[in-house]
Amino acid sequence: MLSMGRGHWVRGIVEEIIKRDDEKIVIHTGKTPSGPIHIGAEREQFICSAIQRELKRRGFESTFNLIIDSYDPIKSIPAALTVPEWFEEELGKPLSSVPDPFGCHGSYAHHFADEFIRCQPELGLSPNIIYTHELYTQPAMKDAIRTVLRRLDQLKAIRRKYLHLQEEDGSTDDWNPVMVVCEKCGRIASMKKEVIPNRLDSWDLVKDELTYTCSACGHKGRGKIGDLPMKLSWRVDWSAKWAVFKVSCEPAGKDHCVKDGAYDMGLEVCKEIFGYRGPLRVPYEWLTLGEHAMKTHKGITFTPMEWLKVAPPEALRYLILSVDPMRHISFLPERIPDIVDSFDRMERQYYGIERIPENTDVEYINDLYRLCVKSKPEEEIPARLPYRFATTIVQLEPLLGAERILSKSAEYAARLRGKPGLTPKEFEDAKMRLSMAAQWVIQYAPPQARFKISDEPAFSTSDKKERQFLESVAQLVGKAQTESELQNEIFNAARSIGLDPSRAFAVLYQILIGSEKGPRLAPLLLALDRDWLIKRLRSGVRSTSNEV
RNA sequence: GGGCCUGUAGCUCAGUACGGUAGAGCGAUGGGCUCUUAACCCAUUGGCCAAGGGUUCAAAUCCCUUCAGGCCCGCCA
């Protein structure tokens, strides 16, 4: 996709949008809050965000709406969710009128939508939020319902074509796409074995009246189109919103973009029934959790909120926006340090302090960086605490304490940029990365990335020089030392005994953390309780002297 | 049955729209650094570009055919 001077893929999309010459540019995206909304949904959000930013860069204003499909019926309860027994009764009601099983929001829809929405500003996104249960009270949507009923035969023909239904004349096709929320039981569909929407029995467009039968409780109702709570079914609903909002562009997952799929049919309905040409389609592939697709209903999810606990928002934007929409992204939480470090590298390239590989489009880097930062790039490159470093030092917290971890980290981050210290903003960033890294270590770090001081030494030596060395170090730590003195003294001790320094360090790490390598030694030794440390060092000798 | 995506170094992937003879990061190995913040620097190691055929002076790139993996087409983005 990228090559010399071409820039980011979003440019191509934006060019097509501009070519449409819409009066107003409206970008849409939607999500059904049927359960926890996972990180894959952010792909659509970020694509829209990127489009909006690129439009702005070219001097075009645009509107970015996030439609929450809160009026859809709840069809099942996600496996990962524990709900009260009586929740079965809620199936078939609009998500917006199902109670929040956690009790903290006004409805089921609000609970899950809200968690997602609250993450959006953190991720550099600021869509207008539109709930469909509110949208459907608007006159424009009521009109859309009237339009659909007026042109029902034409609509049915389109539907038959896309769903490959046999009957040619449609004489037995009594389908209609208008669903009514039952005044008696509150359901919009029954969920017994399959989804059976509440249907209209009759309608009178002159009187603006209709009758319906509830498929769940059997209630027969009647009322004005303007008064009754109702919605259009899926593919027609999508088109209606396109037409009502005059949507210029809406990305969609590959499932909807299949030939003769929902998007194709939606566009035709939009054009033929509502008289609007419909949006530019931007198809995108899925973001999977390793090998597996995320499935809300099976509880296989990773949510934006979980991301924000362990990694910076820019890195998520980077993960998603650095990949062509039609390419599949395989995400694994274990790889977060790679992702953050890659983002940092790109940042350094943007600011010209890291070499850009040959054949790489500089414009692409520039575009991508601007799309990844939350608002605008800073004048100067911010000093960053490398995430991988953070994952290491944070594991020393039980020994060094939070304060020294923080000061060490700040010092290190500043030194990497050749600065005397961090600005308050950079300091906050470093602090944030430390807490994220700490959380990552707890939740996602693979075994080789973890270490800790073992309670019992897992190592002892019978080598004479090594034993002598350990004794020297035990004596060294008994004296007051600065870090650099101690570090040098350890080297000197090893040399004077004739022990290879790298071996000497390995021995110490083995005794302390059961590994060949570890964090810088002197600060670690000084941070430990002195008596404990001396005992530990000598234990590495004593246990063998018993054997000998 | 129909459609989409992917297959390039141990790993993650650039490079494919406009063909010019394979790159990056990570890893691994070796070395350096009065000697380790798993740092840094240097070097080395790495690939029949899934397979076959075609077009061409020239193919990872275009065309055709296979194979493998993933996914979608019943309101899951």
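Numbered from 1 within each chain, the chains take letters A, B, ... in sequence-line order. Everything numeric in this text was worked out from a predicted model, so none of it was measured. Keep in mind that the numbers below use all heavy atoms, side chains included, and drop hydrogens, waters and symmetry copies.
- The nucleotide whose nearest atom lies closest to any side-chain atom of A:Asp72 is, among B:rC76, B:rC75, B:rA39, B:rC75.
- B:rU8 and B:rA51 have their C1' atoms separated by 14 Å, with the value rounded to a whole Å.
- With a 4.5 Å cut-off on side-chain heavy atoms, A:Arg433 and A:Val340 count as touching.
- Backbone-only engagement by A:Thr32 is indicated by non-hydrogen atom pairs under 4.0 Å involving sugar-phosphate atoms exclusively.
- Look at the C1' atom in both B:rU12 and B:rC18: the space between them is 28 Å, to the nearest Å.
- A salt bridge links A:Glu426 with A:Lys419; the closest basic N to acidic carboxylate O contact falls under 4.0 Å.
- Base engagement by A:Met179 is indicated by at least one non-hydrogen atom pair under 4.0 Å involving a base atom.
- Heavy-atom distances to RNA chain B give each of A:Arg388 and A:Cys257 a nearest nucleotide, and the one nearer the 5′ end belongs to A:Cys257.
- Rounded to whole Å, atom C1' of B:rC72 lies 7 Å from atom CH2 of A:Trp286.
- Nucleotides B:rU44 and B:rG10, compared at atom C1', are 16 Å apart to the nearest Å.
- Taking only side-chain atoms of A:Tyr412, from C-beta outward, the nucleotide of B:rU12, B:rA39, B:rC73 with the closest atom is B:rA39.
- Across the P atoms, B:rG70 and B:rA59 are found 33 Å apart, a figure rounded to whole Å.
- The side chain of A:Ser233 lies closest to B:rC75, out of B:rC72, B:rC75, B:rU16.
- The distance from atom NZ of A:Lys241 to atom P of B:rC75 is 15 Å, rounded to the nearest whole Å.
- Position along RNA chain B of the nearest nucleotide to A:His38 versus A:Phe389 favours A:Phe389 as the more 5'-ward residue.
- The CD1 atom of A:Ile68 sits 16 Å away from the P atom of B:rC76 (whole-angstrom rounding).
- A:Ile353 places its CD1 atom 15 Å from the C1' atom of B:rC40, with the value rounded to the nearest Å.
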Original post:
Between A:Arg348 and A:Ile381, is a side-chain contact (heavy atoms from CB on, under 4.5 Å) present by the stated rule, with each step listed?
Top reply: CA-CA 7 Å; A:Arg348 294 192 298 273; A:Ile381 183 167; 3.9 Å; yes

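- Look at the C1' atom in both B:rU16 and B:rG20: the space between them is 14 Å, to the nearest Å.
- One finds no salt bridge joining A:Lys241 and A:Glu250 here, because no Lys/Arg side-chain nitrogen approaches an Asp/Glu carboxylate oxygen to under 4.0 Å.
- B:rC73 shows a glycosidic angle more than 90° from 0 and is accordingly assigned anti.
- Nucleotides B:rA28 and B:rC67, compared at atom C1', are 32 Å apart to the nearest Å.
- A donor-acceptor pair shorter than 3.5 Å cannot be found between the side chains of A:Glu42 and A:Trp307.
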Subject >> 5'-to-3' dot-bracket of RNA chain B (Watson-Crick, G-U; under 3.5 angstrom; crossing pairs as [ ]; | other strand) >> reply: ((((((((.[[[[.)....(..]]]]((((((.......))))))....[[[[[..)....]]]]])))))))....

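- Checking A:Ser49 against A:Arg317 by side-chain atom types alone, a donor-acceptor pair falls below 3.5 Å.
- Here, B:rU56 and B:rC63 have their C1' atoms 12 Å apart, quoted to the whole Å.
- Taking 90° from 0 as the syn/anti boundary, the base of B:rA50 is oriented anti.
- Look at CG on A:Leu232: it is 15 Å from P on B:rC75, rounded to the nearest Å.
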Subject >> A:Tyr108 and A:Phe112: CA distance, side-chain angles, deciding distance, ring pair (Phe, Tyr, Trp, His ring centres under 6.0 Å) verdict >> reply: CA-CA 7 Å; A:Tyr108 189 99; A:Phe112 293 108; 5.0 Å; yes

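- Applying the ring-ring contact (aromatic ring centres under 6.0 Å, His included) test between A:Tyr369 and each of A:Tyr318, A:Tyr350, A:Tyr364 identifies A:Tyr350 as the sole match.
- With a 4.5 Å cut-off on side-chain heavy atoms, A:Tyr71 and A:Ser96 count as touching.
- Between B:rU55 and B:rC62, the two C1' atoms lie 8 Å apart (nearest whole Å).
- Atom CG in A:Asp344 sits about 15 Å away from atom C1' in B:rC26, given to the nearest Å.
- OP1 or OP2 of B:rA14 sits under 4.0 Å from a side-chain N or O of A:Arg327.
- Taking every side-chain heavy atom of A:Arg345 into account, B:rG25 is the closest of B:rC75, B:rC5, B:rG25.
- Rounded to whole Å, atom C1' of B:rC13 lies 12 Å from atom CD1 of A:Ile329.
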